[in-house]
Number of protein chains: 2
Amino acid sequence: MTKSSHSGSEDKRCEGNFMLALTDTLNVVSGKWKLPIIGTLMDGKMRFKQIENHIPNINSRMLSKELKDLEANGIVTRTAYNTVPVCVEYELTASGYSVLPVLEVMVDWGRGHRQNIIGQ
Amino acid sequence: MTKSSHSGSEDKRCEGNFMLALTDTLNVVSGKWKLPIIGTLMDGKMRFKQIENHIPNINSRMLSKELKDLEANGIVTRTAYNTVPVCVEYELTASGYSVLPVLEVMVDWGRGHRQNIIGQ
DNA sequence: CTGAATCCCCCAGGATACTG
DNA sequence: CAGTATCCTGGGGGATTCAG
């Protein structure tokens, strides 16, 4: 180890790019719509309108904005076809699909926490 | 299974309280200060001022607000001593300590995602 | 030392209308 | 169909001051 005279798990937490990697994940997982969108696309490639129909209360502005953000972050891919009317398909990348296990860990923690609270 | 004629992992995702548990976790993990606070307390019981000193740029208002929120959510416990001046200690609950593995999974995903992006 | 009270700013997110 | 352009609001978060 380098220095650190105090105990705890600080070394592991502060090591390298812990915070960077964590905020990367948070950027994908937080906000109101990113998770519903990713969840919807877990069922496979889908068009703009389909996604919109699968997510209650979202509007096209929000969906467009979030999809653009997810694309910029390498979570979804966008494919446009020169048809008329236009058709655009969105699909999760490998990274996109791989958030599912992360979600499951988070869900497990949430459930365990509720158990802790109830049986306090 | 109940119904659902379509493929994918939707059944698992929509099952029971998936979303509830997920948002429970998100409430603990998102926001600007909750994670730094939890991370700081991973080193053990600590006083208000100590926590404040461990977290750059936080102010007492934010720290107080977040700690109150974390206490209300069963993530930290608060113990006040009738000394003068007053002394208050905060400590993670079992749930609080148990978010560490969750963070590590999130960090792993973040690192893997960076690898995916780089080696695209 | 440990907060509570006030005031303020910014922006995520919503509503609506419009276009290629 | 797949977005863009505007306008608007609430609340997360900051700075400062005061109090027990």
Side-chain angles (χ1 to χ4, degrees), chain A residues 19 22-41 43-73 75-92, chain B residues 19 22-41 43-73 75-92:
Chain A
M19 276 305 170
L22 193 50
T23 52
D24 279 356
T25 307
L26 257 359
N27 284 337
V28 168
V29 133
S30 57
K32 189 172 182 179
W33 299 116
K34 292 207 177 61
L35 240 30
I37 291 170
I38 294 172
T40 298
L41 287 174
D43 287 332
K45 191 185 304 186
M46 215 172 287
R47 303 180 53 176
F48 189 91
K49 191 68 172 184
Q50 289 180 281
I51 305 174
E52 195 174 359
N53 289 336
H54 272 74
I55 304 178
N57 300 325
I58 199 172
N59 61 44
S60 63
R61 189 183 98 89
M62 278 301 115
L63 182 55
S64 174
K65 214 162 74 82
E66 298 296 289
L67 282 172
K68 191 176 296 182
D69 197 89
L70 290 170
E71 189 194 3
N73 282 315
I75 307 300
V76 306
T77 59
R78 197 191 99 115
T79 316
Y81 299 94
N82 282 331
T83 58
V84 44
V86 290
C87 165
V88 181
E89 283 183 338
Y90 291 90
E91 187 173 19
L92 291 179
Chain B
M19 275 306 171
L22 192 51
T23 52
D24 280 355
T25 307
L26 256 0
N27 285 336
V28 167
V29 134
S30 57
K32 189 172 183 179
W33 299 117
K34 293 206 177 61
L35 240 30
I37 292 170
I38 293 172
T40 299
L41 287 174
D43 287 332
K45 191 185 303 185
M46 215 171 288
R47 301 181 52 177
F48 188 91
K49 190 68 172 185
Q50 289 181 282
I51 305 175
E52 194 174 0
N53 289 336
H54 272 73
I55 304 179
N57 300 325
I58 198 171
N59 61 43
S60 63
R61 189 183 100 89
M62 277 302 114
L63 182 54
S64 174
K65 215 161 74 82
E66 298 296 288
L67 282 172
K68 189 179 296 181
D69 197 89
L70 290 171
E71 190 195 1
N73 283 315
I75 306 299
V76 306
T77 58
R78 197 190 99 115
T79 315
Y81 299 94
N82 281 333
T83 60
V84 45
V86 289
C87 166
V88 181
E89 283 184 339
Y90 291 91
E91 188 174 17
L92 291 179

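Throughout, a chain's letter reflects where its sequence line sits, starting with A, and its residues are numbered from 1. Only heavy atoms go into these numbers, but all of them, side chains included; no hydrogens, no water, no symmetry mates. These numbers come from a predicted model, not from an experiment.
Atom CD1 of Ile37(B) and atom P of dG13(D) are 11 Å apart (whole Å). Between Asn82(B) atom CG and dG3(C) atom P there is a gap of 13 Å when expressed in whole angstrom units. Between the P atom of dG3(C) and the CG atom of Leu67(B) lies a distance of 8 Å, rounded to the nearest Å. Taking atom CG of Leu63(B) as the reference point, atom P of dG14(D) lies 12 Å away to the nearest angstrom. Computed from coordinates, the Leu26(B) CG to dG12(D) P distance equals 14 Å when rounded to whole Å.
Side-chain nitrogen and oxygen atoms of Thr83(B) include none within less than 4.0 Å of the OP1 or OP2 phosphate oxygen of dC1(C). For dC1(D), neither phosphate oxygen OP1 nor OP2 lies less than 4.0 angstrom from any side-chain nitrogen or oxygen of Tyr90(A).
Remark: the backbone N or O of Lys65(B) is not paired with any side-chain donor or acceptor of Asp69(B) at under 3.5 angstrom. No donor-acceptor pair under 3.5 Å is formed between the side chain of Asn73(A) and the backbone N or O of Ile75(A). Judged by distance alone, with hydrogens and angles left aside, the side-chain atoms of Gln50(B) form a donor-acceptor pair with the main-chain N or O of Arg47(B) at under 3.5 Å.
For the residue pair Ser30(A) and Leu26(A), the shortest heavy atom distance occurs at OG-O, 2.6 Å. Minimum interatomic distance between Met46(B) and Thr40(B) (heavy atoms only, all atoms of both residues): CE-O, 3.5 Å. Between Val28(B) and Lys34(B) the shortest heavy-atom distance is O-CB, 3.4 Å. Nearest approach of Leu22(A) to Leu35(B), heavy atoms of both residues: CD2-CD2, 3.8 Å. The two residues Val88(A) and Ala80(A) make their nearest non-hydrogen contact at CG2-CB, 4.1 Å. Looking at every heavy atom in both residues, Asn59(A) comes nearest to Glu52(A) through C-OE2, 4.1 Å.
Within 4.0 Å (heavy atoms only), Tyr81(A) reaches no atom of the nucleic acid at all.
Non-hydrogen atoms lying under 4.0 Å from DNA chain C are contributed by Arg47(B), Phe48(B), Lys49(B), all within residues 45-53 of chain B.
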Check your understanding: How does each nucleotide of nucleotides 5-20 of chain C score, in 5' to 3' order, for protein heavy atoms under 4.0 Å: base (B), sugar-phosphate only (S), or none (-)?
Key -> BB------BBB----B
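In the helix from dC1(C)-dG20(D) to dG20(C)-dC1(D), the terminal helix axes, each the rotation mapping four pairs' C1' atoms onto the next four within five end pairs, subtend 40°, rounded to 10°.
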Exercise for review: Check step by step if side-chain hydrogen bond (donor to acceptor under 3.5 Å, both in side chains) holds for Glu71(B) and Tyr90(B).
Suggested key: CA-CA 9 Å; Glu71(B) 190 195 1; Tyr90(B) 291 91; over 6 Å; no
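Counting heavy atoms from C-beta on, the side chains of Ile55(B) and Trp33(B) come closer than 4.5 Å.
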